[in-house]
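Protein chains get the first letters and strands the later ones, always in sequence-line order, with residue 1 at the start of each.
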Amino acid sequence: MHIGGQMLTLQAIYILPDMQEIEKKIEDAVVAAVSEVTGEPFTGQVLLQETRREFEGDITVVVFPLVKLLRRSPEQTGEWLGAYLKEHLPEIDRYNVVKGFLNLAFTGAYWVSFLNDLLRTEDYGLKKAGDKSPMVVIEYSSPNTNKPLHLGHVRNNLIGYSLSRIMAAAGNRVIKTNIVNDRGIHICKSMLAWQKWGNGITPEKAGKKGDFLVGDFYVKFEQEYRKEVEQLVAQGLPEEEAKKKAPLLLEAQEMLRRWEAGDPEVLELWKRMNEWVYEGFDVTYKALGVDFDKIYYESDTYKVGKQIVLEALEKGLVYRRDDGSVWADLRDEGLDEKVLLRSDGTAVYMTQDLGTAVLRYNDFHFDEHIYVVGNEQNYHFQVLRVLMKKLGYPWADRLIHLSYGMVELPEGKMKSREGKVVDADDLIAGMIETAREMGEELGKLEGLGEEEKEEVFRRIGLGALKYFILKIDPKKNIVFNPRESIDFNGNTGPFIQYTYARIRSVFRKGEERGVIVPQTLGSDYLPNEKESFLTRLLARFPMVLADAAETDSPALIANYCYEVAKGFNQFYHDYSILNEPDARARDLRLVLAQKTGEILRTAMELLGIEMVERM
RNA sequence: GGUCCAGUAGCUCAGCUGGAUAGAGCAACAGUCUUCUAAACUGUAGGUCGCAGGUUCGAAUCCUGCCUGGAUCACCA
């Protein structure tokens with residue numbers, strides 16, 4: 001579809017400076033050194049790691065694995081290898097050996113030349129996608145249209161959106177997509193409740209967002225349904241049976257059959273109530289800052305799914321039971337039997353997901369399709385892959401389930417049918433309110449108009465929320481305590497935004513004084529310890545990005561941002577930039593500050609977090 | 001019961017393709033603003049890395065067993 005234009009853009013070709021280059025050189029040199037001594041080509045792995053902060057150096061060679069081969073002690077090996085590397089690699093300034101660790105320190109000139117490379121590089125670390133780049137489809141959000149979005153959806157949306165930014169930045173063509181679960185028994189429940197007890201109410205009349213109004217009726221249905229079940233149980237029915245025979249449920253099931261049969265009355269109500277919900281969702285999506293390239297509706301895809309199942313039935317890949325239901329037997333693959341069509345012929349969840357996958361493949365011929373869906377559906381996606389393989393789709397193994405953990409409240413799991421949820425809208429509003437209170441108290445935004453101030457508070461509030469959620473490894477469960485508001489100090493979004501604001505402030509002041517960032521740095525001033533440490537952090541960005549894309553983890557980006565911000569603040573605390581009398585030192589610090597700001601902004605954009613000029 | 005995931009400081013989390021004395025933040029305590037933003041910086045205190053074995057020169061990291069918590073195994077989505 002609309003990727004056509006992008007496909008034709010020329011790919012910029014330049015060398016991205018980063019640590020990988022020098023690491024490769026060191027590896028090669030170690031291999032050469034060892035081979036020279038043993039007289040045989042060395043094929044083992046060279047183990048490099050970043051030098052820990054308490055030791056002097058930039059990069060460390062772990063020499064233990066070489067000890068046996070060389071028949072020397074760890075200390076001797078380290079000393080010998082250190083001398084060899086210093087002699088052969090001009091980038092290496094000095095070395096020291098602690099136990100079995102060879103710490104190498106780069107020359108100041110190396111770091112200066114790295115900063116000069118950085119100065120010449122736009123969009124450092126980002127790879128542009130070309131028309132041959134892998135096509136990655138990312139599905140996230142996937143709401144039901146019977147209730148408002150809650151905290152769980154917030155995590156889903158933030159992970160999905162961030163991941164799409166990360167994949168794009170890593171050089172993939174990316175399609176953000178959403179499947180709207182707009183049909184099914186749960187929707188009928190809300191519709192039925194509205195018919196029975198709604199008295200014709202609308203969002204306008206109620207003065208309520210449409211998604212909340214519809215959600216109210218869903219809760220109402222569950223309440224009334226539970227009453228019916230209790231009554232039946234009181235009349236002597238076993239609970240299991242009562243749950244199946246309650247009149248309200250039978251009515252909802254009848255409504256689903258009428259919907260699927262195309263009953264105009266049901267369809268009209270369905271369209272109307274869905275429209276209310278979409279209007280509500282749009283507000284929430286906008287507030288969260290997420291969007292989609294293409295939206296699929298289950299009400300369309302289930303038909304494709306049914307077709308697929310019927311064709312498979314003809315081919316004998318699945319079978320029909322006596323009661324008319326259609327099943328796939330996956331026991332050979334270590335799974336169970338799975339229903340694909342109910343005995344009344346209606347579709348189930350799996351049916352529509354088959355259809356959606358096929359539609360998407362036809363639309364995009366993806367190389368990878370990532371489903372951002374909670375870990376409660378691990379089994380579903382396991383079945384989906386196996387089933388699609390069985391049905392003869394060779395690309396089935398390109399379907400990846402990015403399974404993330406649940407968001408729980410201190411009192412336990414959220415339950416929307418009981419109304420025990422943290423609504424996304426309320427949560428966002430609360431975060432912005434907290435940001436406003438703190439901001440007003442600090443009073444650093446004098447001189448800004450009300451609208452500008454509001455925008456700053458909005459960005460900070462959302463930054464805190466997004467960072468809080470994204471810094472945690474997706475697969476872990478989160479316990480969220482709404483009463484203890486999310487921190488705005490320490491390892492938080494606002495901390496990083498604040499660091500950026502500090503940097504911007506330096507440049508605002510600098511402009512007033514006519515200070516200009518140099519085009520290039522000379523090598524007559526060499527960076528001190530904190531300066532080269534910060535530079536080293538910046539040099540890691542491309543590798544961090546690649547790692548995050550590889551492991552589908554926005555958390556790696558978040559934690560990297562924190563390290564950079566912390567590194568900058570330590571440097572900033574100890575050294576002055578604008579007031580530095582030595583012009584050469586000032587120039588280097590200007591470059592360092594500018595590039596730190598750029599990288600922080602770029603990296604935070606990958607999390608969907610906006611920076612602020614002041615705070 | 002089967003399968004999958006998690007268990008690291010009081011709390012929230014990093015670290016997990018094996019490598020140095022297990023790191024941050026919050027909370028607690030003690031310092032640092034006439035100098036580019038103190039939403040910052042520095043320090044103190046806080047750990048049997050769930051438990052027990054095993055592999056290894058070396059294990060929070062790998063293997064086995066167990067314990068705890070969560071998810072799932074529906075003609076719900």
Could you give the distance separating [M] and [N] at their [atom1] atoms, to the nearest angstrom?
{"N": "B:A59", "M": "B:U21", "atom1": "C1'", "result": "16 Å"}
{"N": "B:U61", "M": "B:G7", "atom1": "P", "result": "11 Å"}
{"N": "B:C13", "M": "B:A60", "atom1": "C1'", "result": "15 Å"}
{"N": "B:G50", "M": "B:U12", "atom1": "P", "result": "15 Å"}
{"N": "B:U44", "M": "B:G25", "atom1": "P", "result": "12 Å"}
{"N": "B:A71", "M": "B:G10", "atom1": "P", "result": "26 Å"}
{"N": "B:A22", "M": "B:U48", "atom1": "C1'", "result": "13 Å"}
{"N": "B:C11", "M": "B:G53", "atom1": "P", "result": "26 Å"}

Heavy atoms only, 4.0 Å cut-off, all strands: where does [X] land among base, sugar-phosphate and nothing?
{"X": "A:D574", "answer": "nothing"}
{"X": "A:Y575", "answer": "base"}
{"X": "A:Y379", "answer": "sugar-phosphate"}
{"X": "A:Q49", "answer": "base"}
{"X": "A:L47", "answer": "base"}
{"X": "A:I577", "answer": "base"}
{"X": "A:E613", "answer": "base"}
{"X": "A:I472", "answer": "sugar-phosphate"}
{"X": "A:N103", "answer": "base"}
{"X": "A:Q377", "answer": "base"}
{"X": "A:T492", "answer": "nothing"}
{"X": "A:I460", "answer": "base"}
{"X": "A:P65", "answer": "base"}

Of A:F507 and A:I478, the one whose closest RNA chain B nucleotide lies more 5':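 It is A:I478 whose nearest nucleotide is closer to the 5' end.
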Given RNA chain B, 5'-ward residue of the pair A:Q570 and A:R508, judged by closest heavy atom: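 This one resolves to A:R508.
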State whether [X] places a side-chain N or O below 4.0 Å from either non-bridging phosphate oxygen (OP1 or OP2) of [N].
{"X": "A:R53", "N": "B:A20", "value": "no"}
{"X": "A:K338", "N": "B:C73", "value": "no"}
{"X": "A:R52", "N": "B:G23", "value": "yes"}

Steps toward ring pair (Phe, Tyr, Trp, His ring centres under 6.0 Å) verdict (A:W270, A:Y297): CA-CA 13 Å; A:W270 172 74; A:Y297 296 90; 8.8 Å; no
For atom CD of A:E511 and atom P of B:C36, their distance in whole Å: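 The answer, rounded to whole Å, is 18 Å.
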Between C1' of B:U72 and CG of A:L330, the distance in whole Å: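 About 16 Å, once rounded to whole Å.
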[X] over [N], stacked by centroid distance under 5.5 Å, angle under 30°:
{"X": "A:Y572", "N": "B:A40", "answer": "no"}
{"X": "A:F495", "N": "B:A40", "answer": "no"}
{"X": "A:F101", "N": "B:A20", "answer": "yes"}

Hey, does the Lys NZ or Arg CZ of [X] hover above the aromatic six-ring of [Y], less than 6.0 Å from the centre and inside 45° of the axis?
{"X": "A:R155", "Y": "A:Y404", "result": "no"}
{"X": "A:R53", "Y": "A:F533", "result": "yes"}
{"X": "A:R321", "Y": "A:W327", "result": "yes"}

Nucleotide of B:A20, B:G19, B:A40 approaching A:R502 most closely (side-chain heavy atoms):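 That would be B:A40.
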Candidates B:C76, B:A20, B:A77 - which lies nearest the side chain of A:N144: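 Shortest atom-to-atom distance from the side chain points to B:A77.
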Short N-O contact, A:E254 and A:R257, less than 4.0 angstrom: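 Looking at A:E254 and A:R257, the cut-off is met.
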Anti versus syn assignment for B:C66, with syn defined as within 90° of 0: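 Judged by the O4'-C1' to base torsion, B:C66 sits in anti, the angle falling more than 90° away from 0.
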Donor-acceptor pair under 3.5 Å, A:T499 side chain vs B:A40 base: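 Flag unset: no donor-acceptor pair detected.
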A:E239 atom CD: more than 12 heavy-atom contacts under 6.0 Å: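 Atom CD in A:E239 is not packed in, count stays at 12 or less.
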Greater than 12 external heavy atoms within 6.0 Å of A:E550's CD: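 No.
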Heavy-atom donor-acceptor pair, A:T51 side chain to A:I59 backbone, under 3.5 Å: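 Side chain of A:T51 to backbone of A:I59: a pair is present.
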